[in-house]
Amino acid sequence: MSVLDAPVGAAPGPAGTGEGLVGVFVRLKLTLLRNGLRQSSGRRAAYIASVVFTLLVAAGLLIGLIALHGYAHAATLVVLLAAVVTVGWAVMPLFFSAGDETLDPSRLVMLPLRPRPLIGALLAASLVGIGPLFTLCLAAGSAFAVASGVVGAVFAVVAAPLTLLLCVALARAVATANTRLLTSRKGRDLAVLSGLVIAVGFQFVNFGAQRLGQAGGLAALDPAADVVRWLPPASAVGAVDSASRGSYGQALAQLLLSVAALAALLWLWQRSLVKLMTAPDGSTLAAAGPGREKTGKDGPRVTALLPQGRTGAVMERSLRYIARDPKTKAAWTTALAVGLIVPVVNALQGSGSIYFACFAAWMLGIQMYNQFGQDTSAFWMVALTISSTRDAYLELRARALALLLITLPYTILVTVVTAAVLGDWGDLPEVMGLSLALLGGMLATGAVASANFPYSIPQDGAFKNVAPGQAGLAWISIFGGMVSAGLLCAPVIAVTIWLHVAGLEQWLWLLLPVGAGYGALISWAGVRLAAPRTADRLPEILAAVSKG
């Protein structure tokens with residue numbers, strides 16, 4: 001059932017005054033959900049499993065929050081929890097917009113509906129779902145945790161639904177303001193990059209939790225909570241705590257802040273909706289206007305510094321994939337971010353080691369694996385240019401050089417930053433040598449794995465990185481290659497251990513040139529070894545990377 005099939009007649013007249021519009025949109029949301037579940041038994045099973053899991057988590061959190069009633073720092077926890085949940089609702093439409101078709105109000109442009117009644121109907125429809133129920137459980141548990149007395153209970157009854165309405169309205173306002181972005185290629189890039197946000201977020205959550213434990217518990221967060229309790233919708237939860245303590249004037253002010261914030265969000269949402277449904281976008285002639293014609297000028301090109309011939313052309317193509325292909329860009333951005341965060345965060349915690357800097361070389365070296373799969377079905381154009389072992393060697397060497405343009409300076413940067421945070425400059429040369437040797441090993445095994453275990457990377461779906469039936473190839477390629485890279489670096493590791501055991505620390509600086517030279521040697525050997533295999537297996541590689 002589409003929007004056009006809905007019984008729009010329930011809203012009488014072309015003006016769309018709003019009578020019955022709420023019921024229409026709620027039924028429409030339920031119909032879309034029901035029809036989606038009818039598509040396959042797999043989708044129904046996945047949805048039911050996710051609902052059960054979410055409800056169990058929500059019930060556990062609700063019980064835990066209720067158990068906090070009377071705890072000295074309960075207000076600090078629930079106020080900050082409300083703020084975190086609000087941030088989640090704000091960013092959710094930017095990264096997971098494809099999960100809910102109703103987040104795209106442009107589908108309603110041709111219907112005779114006025115913005116103000118449409119806002120109420122969309123808000124009511126937005127409250128249908130497992131996400132709002134989960135948020136309501138958190139809001140109700142948070143309010144109960146700090147409620148005390150009759151006045152506190154009254155404020156709690158108002159604060160819980162007000163918090164939910166604020167979160168949903170915020171998500172809708174953000175989604176409407178960015179609808180054209182979310183339905184464009186940049187929006188797909190954002191969806192793919194959500195993995196980066198999750199990975200980086202987990203690192204900072206881990207860092208914050210450890211810091212909190214060292215600081216002696218929730219008391220360390222009281223100053224932050226004192227500020228956040230005046231920011232909607234956390235101010236609604238803070239109002240419950242203030243009313244329970246007898247600060248009725250403060251409680252009323254905090255509650256009114258949340259009410260004012262809700263009114264402001266609804267006004268901003270309405271303005272964005274009017275603009276979306278009346279103003280032309282950049283794809284129309286009216287928006288293009290005079291003077292917007294393409295000039296054909298690309299501006300200065302950094303790639304002009306690359307070598308001439310096949311090597312430069314392949315390097316430029318690889319760099320363009322990194323800059324433009326959503327999944328390749330996501331993989332690189334994640335590797336760059338996590339490769340820096342892990343060693344630096346561990347160093348800031350005081351329990352890290354400079355050897356964690358090798359993690360950056362490992363993360364970036366993974367990008368050498370499945371080189372041909374990154375081309376997807378377009379690899380056939382590359383295959384047409386490979387007619388000999390030398391052609392395959394030049395192709396693989398150029399791809400490795402393109403990676404080195406980024407990975408080599410980045411590996412050096414992470415090692416230096418980690419040493420600076422730890423103040424461990426004495427171990428910098430040996431760790432730099434080990435990192436460069438590991439990077440060379442990853443490039444070598446990545447070239448061999450690309451030739452022997454290629455697999456396809458589907459373009460549909462932000463989180464599908466392997467075509468069905470090729471998961472085994474991906475596991476063998478990546479994890480088998482990483483183990484082999486570690487074994488290739490065994491000589492440099494053995495020399496490092498021997499120098500330490502023998503008490504020859506004054507010679508450890510030699511590991512820098514030794515590691516750099518050894519890494520260059522084994523990376524060259526890996527490319528040479530993979531070249532004939534690539535030339536011989538071109539039809540198999542093409543079939544594998546074009547699957548799905």
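One is the number of the first residue; the rest follow in order along the sequence.
- Side-chain contact check for Gln367 versus Ile406: every heavy-atom pair is 4.5 Å or farther apart.
- Of the N and O atoms on the side chains of Tyr355 and Glu430, at least one donor lies less than 3.5 Å from an acceptor on the other residue.
- Checking side-chain atoms of Ser244 against main-chain N and O of Val146 turns up a donor-acceptor pair under 3.5 Å.
- For the pair Tyr248 and Ala243, the tightest heavy-atom approach, listed with the atom from each and the gap, is CE2-O, 3.5 Å.
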Could you give me the CA-CA distance, side-chain angles and deciding distance for Val79 and Asp241, then say whether side-chain contact (heavy atoms from CB on, under 4.5 Å) is met?
-> CA-CA 9 Å; Val79 165; Asp241 178 56; 6.0 Å; no
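- Among Leu55, Thr54, Val51, the one residue that satisfies the side chain to side chain contact (heavy atoms under 4.5 Å, CB included) test with Leu133 is Leu55.
- In this structure a side-chain-to-backbone donor-acceptor pair under 3.5 Å is present from Asn370 to Tyr455.
- Although no hydrogens or angles enter the test, the distance criterion places a donor-acceptor pair under 3.5 Å between the side chain of Ser272 and the main chain of Leu268.
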Check the pair Trp89 / Leu166 against side-chain contact (heavy atoms from CB on, under 4.5 Å), numbers first and verdict last.
-> CA-CA 10 Å; Trp89 275 94; Leu166 261 168; over 6 Å; no
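- Between the side chain of Lys329 and the main chain of Tyr321, no donor-acceptor pair closer than 3.5 Å is present.
- Considering only heavy atoms from C-beta on, Met368 stays 4.5 Å or farther from Met442 through its side chain.
- Residues Ser258 and Ser235 have side chains that bring a donor and an acceptor to within less than 3.5 angstrom of each other.
- Between His73 and Tyr71, the angle of the ring planes goes over 60°, which puts this pair in the perpendicular group of the 30/60° scheme.
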